[in-house]
There are 2 protein chains.
Amino acid sequence: MSAISERRERERAQRHQLIITAARELAEAEGWEAVTTRRLAERVEYSQPVLYSHFTGKDDIMRAVAIEGFGELATRLRRARLTDPASPAALHAVCRAYLEFATEQPALYQAMFMLPTDVKFAHAETPPPLRAAFDEFVNCFHPDNQRRELFAEVTWSALHGIAALTESGRIPPNGQAERLDFLVTQIAATPRPGV
Amino acid sequence: MSAISERRERERAQRHQLIITAARELAEAEGWEAVTTRRLAERVEYSQPVLYSHFTGKDDIMRAVAIEGFGELATRLRRARLTDPASPAALHAVCRAYLEFATEQPALYQAMFMLPTDVKFAHAETPPPLRAAFDEFVNCFHPDNQRRELFAEVTWSALHGIAALTESGRIPPNGQAERLDFLVTQIAATPRPGV
DNA sequence: ACAGCATGTCTAGCACTGCTAGGATCAGGT
DNA sequence: ACCTGATCCTAGCAGTGCTAGACATGCTGT
């Protein structure tokens with residue numbers, strides 16, 4: 001392997017990442033429906049078919065963006081949890097961090113959790129960063145709690161519901177803090193009949 | 001207005017409904033991405049432009065399907081609530097009915113709550129059936145509860161999260177009952193520090 | 001009863017989409 | 001110096017939502 005082909009391989013890897021970043025920026029700026037292969041190719045200053053030498057298609061590019069997002073989400077959730085590891089505070093911090101992530105980067109969040117995907121979630125082939133992000137929720141609950149996974153699953157689902165409905169304009173963006181407080185309070189509560 | 005033009009208007013109204021039903025069936029059978037204006041036109045046995053004499057475009061057809069769904073959802077939720085109006089049981093029944101609705105008719109649910117839309121939700125122009133559906137959640141909580149709307153909002157969001165993540169394969173379909181039980185228990189609980 | 005108007009419908013086409021086949025260009029090794 | 005293989009681009013395909021213009025039909029005023 002010559003130095004020249006090494007350089008080529010390096011450039012190829014850079015271009016791979018360039019495509020991912022360009023797709024992400026374009027989606028964040030104008031939405032995923034504006035991310036067409038032509039515009040993307042123009043943006044990375046190559047012709048359209050070059051995209052298909054890196055990815056199998058548009059879906060594959062979106063999947064790459066999503067996986068990049070899983071890593072970032074995991075680190076943000078982890079940092080939030082470790083900032084205040086006391087029991088209910090940690091859950092509250094992680095949940096807030098999750099909602100912030102979703103609102104700050106709506107297109108990225110869409111690629112990760114809303115648009116059709118074939119990324120395996122609760123599965124053996126689950127990307128490790130995704131599993132890591134989920135585990136941040138699990139770790140908010142006491143290790144003795146045998147239903148931690150269930151707790152985490154429902155918490156995550158509820159947060160996703162809030163994020164998704166807010167992003168599509170089906171829930172007013174105001175009062176997010178109240179919803180968050182209420183959700184965390186109830187999840188962390190010891191069941192007692194009431195209402 | 002002659003009898004003939006009355007008949008025409010009647011036929012036109014029928015065709016309007018026919019388009020909506022055809023779109024809905026096609027979406028339910030093969031997903032919304034398979035609902036193209038050409039296939040839809042072929043299905044109703046008219047040419048493509050006829051669709052545009054009834055609706056402003058594909059979005060408009062999907063909105064019509066969604067609005068039809070809001071009515072059906074409202075009646076189902078209402079029936080569930082009235083079957084067992086006692087306090088926590090009603091909430092449980094309504095939530096279960098919501099999830100059943102989402103799983104039984106995934107494409108319809110998508111049009112209503114997942115795909116981009118410009119239907120106003122918490123707003124003056126909200127379609128009455130949608131408001132009625134939401135009120136079924138509100139009515140699960142005691143009228144003295146000054147935060148009923150918040151309760152309902154978060155409950156709905158959590159259910160939507162579960163439904164959305166399940167439908168897109170991001171959550172395994174098994175264990176839906178456990179998630180439902182847990183959610184309702186926590187929402188109905190009187191807050192007490194725990195975990 | 002008939003000309004003219006209005007309504008309704010269709011064929012054909014536009015600009016766009018994701019994706020791909022084929023040829024041209026250029027570097028590498030012999 | 002030549003061949004080989006990889007790389008990249010131009011051009012094109014089938015399909016998308018949507019629309020303009022032609023055509024036929026049937027209602028209406030004289």
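Each chain gets a letter, A, B and so on, in the order its sequence line appears, and its residues count up from 1.
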Check your understanding: Are there more than 12 heavy atoms of other residues, nucleotides or ligands under 6.0 Å from atom CD of B/E42?
Key ->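 No, CD of B/E42 has 12 or fewer neighbouring heavy atoms, counting only those of other groups under 6.0 Å.
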Check your understanding: Residues in side-chain hydrogen bond (donor to acceptor under 3.5 Å, both in side chains) with B/E104, at least two apart?
Key ->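 If we apply the side-chain hydrogen bond (donor to acceptor under 3.5 Å, both in side chains) test to B/E104, skipping adjacent residues, the hits are B/R76.
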[N] [atom2] sits how many Å from [X] [atom1], rounded?
{"X": "B/E33", "N": "C/dG18", "atom1": "CD", "atom2": "C1'", "value": "14 Å"}
{"X": "B/E30", "N": "D/dG15", "atom1": "CD", "atom2": "C1'", "value": "15 Å"}
{"X": "B/L115", "N": "D/dG17", "atom1": "CG", "atom2": "P", "value": "14 Å"}
{"X": "B/H16", "N": "C/dG8", "atom1": "NE2", "atom2": "P", "value": "15 Å"}
{"X": "B/Y52", "N": "D/dT19", "atom1": "OH", "atom2": "P", "value": "7 Å"}
{"X": "B/L40", "N": "D/dT16", "atom1": "CG", "atom2": "C1'", "value": "14 Å"}
{"X": "B/L51", "N": "C/dG8", "atom1": "CG", "atom2": "C1'", "value": "14 Å"}

Practice item. Determine, stepwise, if the pair A/T21 / A/E25 fulfils side chain to side chain donor-acceptor pair (under 3.5 Å). Key: CA-CA 6 Å; A/T21 315; A/E25 289 176 356; over 6 Å; no
Are any protein N/O atoms closer than 3.5 Å to N/O atoms in nucleotides 4-8 of chain D? If there are, list each pair with its distance.
| residue | atom | partner | partner atom | Å |
| --- | --- | --- | --- | --- |
| D/dC8 | OP1 | A/R15 | NH1 | 3.1 |
| D/dC8 | OP2 | A/R15 | NH1 | 3.4 |
| D/dC8 | OP2 | A/R15 | NH2 | 2.9 |

**Study point:** B/S168 versus B/R170, side-chain donor and acceptor atoms under 3.5 Å
**Key:**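 B/S168 and B/R170 do have a side-chain donor-acceptor pair below 3.5 Å.
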Check your understanding: Under a 4.0 Å N-O cut-off, is there an ion pair linking B/R24 with B/E30?
Key ->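 Salt bridge between B/R24 and B/E30, a charged N being under 4.0 Å from a carboxylate O: no.
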Review point. Checking side chain to side chain contact (heavy atoms under 4.5 Å, CB included) for the pair A/M62/A/M112: CA distance, chi angles, key distance, verdict?
Key: CA-CA 9 Å; A/M62 294 174 61; A/M112 293 163 66; over 6 Å; no
Check your understanding: Can you find a heavy atom in the side chain of B/F182 that is under 4.5 Å from one in the side chain of B/E178?
Key ->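 They are not in side-chain contact.
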Exercise for review: Check whether any side-chain heavy atom of A/R78 sits under 4.5 Å from a side-chain heavy atom of A/L82, and report yes or no.
Suggested key: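 Sidechains of A/L82 and A/R78: in contact.
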Practice item. Using ring pair (Phe, Tyr, Trp, His ring centres under 6.0 Å) as the criterion, list what pairs up with B/F55, not counting sequence neighbours. Key: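 If we apply the ring pair (Phe, Tyr, Trp, His ring centres under 6.0 Å) test to B/F55, skipping adjacent residues, the hits are B/H16.
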Check your understanding: Could you give the angle between the helix axes at the two ends of the helix from C/dA1-D/dT30 to C/dT30-D/dA1, with five pairs per end, rounded to 10 degrees?
Key ->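 Here the local axes at opposite ends form an angle of 20°.
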Check your understanding: Considering only heavy atoms and no angle criterion, is a donor-acceptor pair shorter than 3.5 Å present between the side chain of B/Q48 and the base of C/dC10?
Key ->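 It does not, because no donor-acceptor pair links the side chain of B/Q48 to the base of C/dC10 below 3.5 Å.
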Review point. Is there a donor-acceptor pair under 3.5 Å between the side chain of A/E28 and the backbone N or O of A/L108?
Key: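 Yes; judged by distance alone, with no hydrogens or angles, the pair exists.
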Return a table of donor-acceptor pairs under 3.5 angstrom between the side chains of residues 153-160 of chain A and protein atoms on other chains or two or more places apart.
| residue | atom | partner | partner atom | Å |
| --- | --- | --- | --- | --- |
| A/E153 | OE1 | B/R179 | NH1 | 2.3 |
| A/E153 | OE2 | B/R179 | NH1 | 3.4 |
| A/T155 | OG1 | A/F151 | O | 2.6 |
| A/W156 | NE1 | A/Y98 | OH | 2.9 |
| A/S157 | OG | A/E153 | O | 2.9 |
| A/H160 | ND1 | A/Y109 | OH | 2.7 |

Pick out the pairs of N or O atoms, protein on one side and nucleotides 14-17 of chain C on the other, that lie under 3.5 Å.
| residue | atom | partner | partner atom | Å |
| --- | --- | --- | --- | --- |
| C/dT17 | OP1 | A/T36 | OG1 | 3.3 |
| C/dT17 | O4 | A/R38 | NH2 | 3.4 |

